[in-house]
Each structure stands twice: as structure tokens, then as C-alpha cells.
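As a basis for the values below, the full set of heavy atoms in this structure was taken, side chains included, without hydrogen atoms, waters or symmetry mates. One-based numbering, in listed order, for ligands and for the atoms of each.
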Amino acid sequence: MGTTLRCRPGHPGSRILSAGTYRPRAEVGNETVAALIDSSDEWIRRRSGIASRRHAGPDEDLVTMAAAAASKALAGAGVGPHDVSAVLVATMTHRGRSTTVAPLVAETLGAAGAAAMDLGAACAGFPYALATADALIRGGAAGTVVLIGAERMTDVVDPRDRGTAFLFGDGAGAVVVGPAETCGIGPVVWGADGAKSEMLRYDETGTLRMQGPEVFRWATSIVPEVARRALDEAGLTASDLAAFVPHQANLRITTAAARALGLGPHVRVATDVVTNGNTGAASIPQALAALPGVKGPALLVGFGAGLAYAAQVVDL
Ligand code: COA
């Protein structure tokens, strides 16, 4: 005779309660990175929209930056560390002595005992982890989740590589996700194309190598496509949006996607890349934290190495 297991009840929905960011102290202008790659401030601005980025110092490690961003998000949500039931860290640059970052972040926050794990989906890591947090909460496996994107891209970028040195920056962004009576995180549209993984990969020394023009072409086609599908799944159109927050890879990719989606002037388009560069999995939560007054539906789209992509509409 079989035994019937008891299931834990979940919640009808989940929502983002707050966002926080940590930007490393050192602001690095284009002239500094251009000097090593025979480039110029003018070229970098024209091809990427980037004016400056932050580089982390030795004391600004992944755990420190992630915990600082998460503390701000927790304070913004009015949630104490003991009420956190899971800590998720999305990162592609963890090189530390511990095998994962999340347990150390939980410990630093005072949330020891919470479930803690890292998630790897490169620059699509944040929307992947957000879909995971939403599923954990709706399925009853977690209550309040702290979700952090944290990167030290300078640890994996060759400062003499003309194709990547000027694009990337360091930092962390975090959100608190909690149970809700209604749906505050729309259905995720996600996927990956491993056959194209060579376009953005680590070489044998662990340095990030990128086929820039190919990645650019892929990004400008996949971002509007998954964005439209995420809007459809959420039962919305582009005119319903209050904000568009794509992964901050290159301002030209953001602008091309906003144009392809036909976004009106009322939609706030995240441009964090201009002063932050591409901070990998941290870029979307950092950009969200930079839009404090925005209320209503925001379309998030992540894309990057893998090649992985994910999009969902969230209610801010
Ligand atoms: N400074 C100055 N000139 C440069 C340069 C640099 N850093 N890098 C390349 N060039 C030159 C090239 O030599 C080439 O010169 P040529 O026309 O005389 O042959 C010209 O600029 C164009 O090179 P290309 O590589 O085609 O540049 P691009 O217009 O594709 O811009 C990127 C380069 C990296 C900005 C762009 O490809 C890009 O943004 N790709 C997507 C990157 C991305 O988002 N990655 C992260 C995804 S998570």
C-alpha cells in the first residue's frame, strides 16, 4: 500500500518588494581603459554608449558587494534578516576559495540558516533567478527570498582585449521577493542556445572572449523576440509598460530593442550602462534600483553567455 506525502501549500503569487545596489568606489573613465587598447573616449561612447564604469578594489569582493546590495534591499522592504528563507546569488565570476557565494552572503546578512545557492546563467542570471524565486514562493518552498546579482567582471576580462576591456564593470544589485495575493512576477520566457556558446566563452586561462559583432547581431534579434513573448504571456502590450529594463550590455542594443518594440515616450528605458558598463548578472537589479519612482509593469530581459536568455514582466 502506498503512502501519500503531505505537500506544503504555496502562495498565489510573488512580487519584488524593493531593490538595492552596490557600486564599487573606483569610477573609471573611458580614457583610462582606452589607453591600453588603442581606442578613444569618442569611439567607446559611439559604439557602446558607455562613459564610465566601476572597478572593484581588493576589499570589494563578491560577498562584500552582494551583502551590501542585499542589506539596502532588505532595509527598503522593511524585512529583517531572520525573515529571509532563501538567498540566491546569480554570478558568473566567482573565483573565491569557497565553492559558492550565497552561504557566505547569508551569513554576512545575519540570515544564517536560510537556504542559500548560486545560480549560473551568465548575463541572463537575474531573470533566471527571479523565475526560480517566484516558483519557490508559489510552490511553498520559500517565503521571503533575497536575490542578488554580483560580479567582478574585471577578474575575467583582459584589460588589453580591444573587444571587451571597455564594456564591463563590477558591482552588485539585489531585490527582495516576497509572497503576494496576486501575480507580481509574470510568466518567464526563457531558453538557451548552447550551439552558439563559442561566441561568448572563457578561454583556457579563464579569460572572457567574445565575438562582438556576432553577439551584437544575436542580441538585437533575441531581445525583442523574447520581450514580445513575455508581454504576450503576461497579457499586456508594449503600451502598458511603465519601464523597460534589459540587461545593460550596450546602449545600442537597448535602443534597437526599444525601437523594435515600439516603446512610447512614457516608458522609462534603463540606461545604467552609461555610467556602470556591463555588470553581468548584476546589471538588471542595479538598473531597477536606479529607477526608484517607477510604478507599474516593467519588462526585464536578460541575455548573454550560454547563450542564455530570459524575460518576464514584473509589477513594480
Ligand atoms: N577601439 C577602437 N576601435 C576598435 C575597437 C576599440 N576598442 N574595437 C574594434 N575597433 C575597430 C575595429 O578594428 C574595426 O575597424 P575597421 O573598420 O577599420 O576594420 C571597427 O572598429 C569595427 O569593429 P567591430 O568589432 O565590428 O566593432 P563593433 O561595431 O561591432 O563594436 C562592440 C564592437 C564590442 C561594441 C559590439 O560588437 C558589441 O557591443 N557587441 C555586443 C557585445 C555585448 O553586448 N556583449 C555582452 C553580451 S552579455
I'd like to check [atom] in this structure: does the protein have a heavy atom lying under 4.0 Å from it?
atom: atom 1 (N) of ligand 1; result: yes
atom: atom 20 (C) of ligand 1; result: no
atom: atom 17 (O) of ligand 1; result: no
atom: atom 4 (C) of ligand 1; result: yes
atom: atom 26 (O) of ligand 1; result: yes
atom: atom 30 (O) of ligand 1; result: yes
atom: atom 38 (C) of ligand 1; result: yes

Compare every heavy atom of [Y] with every heavy atom of [X], then report the nearest pair and how far apart it is.
X: Ala112; Y: Glu107; answer: CB-OE1, 3.5 Å
X: Thr144; Y: Asp83; answer: CB-O, 3.5 Å
X: Pro179; Y: Gly143; answer: CD-O, 3.7 Å
X: Met210; Y: Leu167; answer: CE-CD1, 3.5 Å
X: Thr279; Y: Gly171; answer: CG2-N, 4.5 Å
X: Val313; Y: Leu236; answer: CG1-CD1, 3.8 Å

Output, in order, the C-alpha distance, side-chain angles, deciding distance and verdict of side-chain contact (heavy atoms from CB on, under 4.5 Å) for Asp59 and Arg25.
-> CA-CA 11 Å; Asp59 59 322; Arg25 290 185 300 275; 2.9 Å; yes

In terms of residue, atom name and distance, what is the protein heavy atom nearest to [atom]?
atom: atom 45 (N) of ligand 1; result: Met210 SD, 3.1 Å
atom: atom 32 (C) of ligand 1; result: Phe166 CZ, 4.4 Å
atom: atom 24 (P) of ligand 1; result: Pro213 CG, 4.1 Å
atom: atom 12 (C) of ligand 1; result: Arg162 NH1, 4.4 Å
atom: atom 40 (N) of ligand 1; result: Gly212 O, 3.0 Å

Using a strict cut-off of 4.0 Å, indicate which atoms of ligand 1 neighbour a heavy atom of [X].
X: His247; result: 48 (S)
X: Gly304; result: 48 (S)
X: Cys123; result: 48 (S)
X: Ile253; result: 44 (O)
X: Ser39; result: 1 (N), 2 (C), 6 (C), 7 (N)
X: Ile37; result: 7 (N)
X: Arg47; result: 28 (P), 29 (O), 35 (C)
X: Ala249; result: 44 (O)

Give a yes/no verdict on whether any heavy atom in Gly163 is under 4.0 Å from an atom of ligand 1.
-> yes

Pro103 pairs by side-chain contact (heavy atoms from CB on, under 4.5 Å) with which of Thr99, Val101, Thr100?
-> Thr100

Short N-O contact, Asp41 and Arg45, less than 4.0 angstrom | yes

Quick one: do Asp61 and Arg95 make a salt bridge, cutoff under 4.0 Å?
-> no

Output yes when the distance from some N or O of ligand 1 to some N or O of Ser48 is under 3.5 Å, and no in every other case.
-> no

May I ask you to test the His94-Asp155 pair for a side-chain heavy-atom distance under 4.5 Å?
-> no

Examine the proximity of ligand 1 to Thr164 and report which part, side chain or backbone, both or neither, has a heavy atom under 4.0 Å away.
-> neither

Under 4.0 Å, heavy atoms only, figure out whether ligand 1 is touched by the backbone of Ile44, its side chain, both or neither.
-> neither

Assess the pair Tyr309 and Trp190: is the distance between their ring centroids shorter than 6.0 Å?
-> no

Relative to atom 33 (C) of ligand 1, which among Trp218, Phe168, Trp43, Phe303 owns the nearest non-hydrogen atom?
-> Trp43

Which option out of Asn278, Asn250, Asn30 puts a heavy atom nearest to atom 46 (C) of ligand 1?
-> Asn278

CD of Glu151 to CD of Gln286, rounded to nearest 0.5 Å, is 10.0 Å

Donor-acceptor pair, Arg252 side chain versus Arg47 backbone, under 3.5 Å?
-> yes

